[in-house]
Amino acid sequence: MPEDLSLAGDGPCAAQGELREIRLLLPEDLARAYQRCTWMIIHETGRDQLEVMAEMVRDFLVKNGC
């Protein structure tokens, strides 16, 4: 089991407390597209990687009514 990951910073993710790792198994082309997309968002906005990941998952869940 991976160690607990928590943020010590002051960013939006810091207020979320304990973070859990999830793993997605994707075809290679989708995995590359995901990595490229998150990289672009991080570098264009200067936001934290964990913040971008959380937002992408949150958007997916809202879009699908979860």
Side-chain angles (χ1 to χ4, degrees):
M1 191 61 131
E3 64 184 74
D4 283 341
L5 301 174
S6 59
L7 299 175
D10 295 329
C13 286
Q16 293 177 358
E18 184 179 331
L19 300 177
R20 304 274 180 178
E21 179 182 21
I22 61 170
R23 294 179 188 215
L24 301 172
L25 300 177
L26 302 170
E28 189 174 337
D29 61 332
L30 291 178
R32 278 194 315 269
Y34 173 82
Q35 291 294 335
R36 187 173 47 251
C37 183
T38 56
W39 182 88
M40 289 184 337
I41 293 169
I42 291 164
H43 290 286
E44 288 176 358
T45 65
R47 292 168 39 209
D48 180 80
Q49 180 180 10
L50 295 176
E51 181 183 353
V52 171
M53 288 177 168
E55 180 182 354
M56 292 176 84
V57 171
R58 192 176 304 107
D59 289 349
F60 171 83
L61 293 173
V62 168
K63 177 185 172 190
N64 290 286
C66 300

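Note that the coordinates shown come from a computational prediction; the quantities given were computed from them, not determined experimentally. When reading the values below, keep in mind they use all heavy atoms of this one structure, side chains included, and skip hydrogens, waters and symmetry mates.
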Run the numbers on Met53 and Leu50 for side chain to side chain contact (heavy atoms under 4.5 Å, CB included), then give the verdict. CA-CA 5 Å; Met53 288 177 168; Leu50 295 176; 4.2 Å; yes
Rounded at 0.5 Å granularity, tell me how far [atom1] in [X] sits from [atom2] in [Y].
| X | Y | atom1 | atom2 | result |
| --- | --- | --- | --- | --- |
| Met40 | Gln35 | CE | CD | 12.5 Å |
| Arg58 | Glu51 | CZ | CD | 8.5 Å |
| Leu30 | Leu24 | CG | CG | 10.5 Å |

Under 3.5 Å donor-acceptor, Asn64 side chain and Cys66 backbone: no
Kindly work out whether a path of hydrophobic side-chain contacts (I/L/V/M/F/W/Y, heavy atoms less than 4.5 Å apart) joins Val57 to Tyr34. no
Show your working on side chain to side chain contact (heavy atoms under 4.5 Å, CB included) between Gln49 and Thr38 and close with a plain yes or no. CA-CA 8 Å; Gln49 180 180 10; Thr38 56; 5.7 Å; no
Residues 31-40 vs salt bridge (charged side-chain N to carboxylate O under 4.0 Å, His left out), sequence neighbours excluded, gives Glu28-Arg32
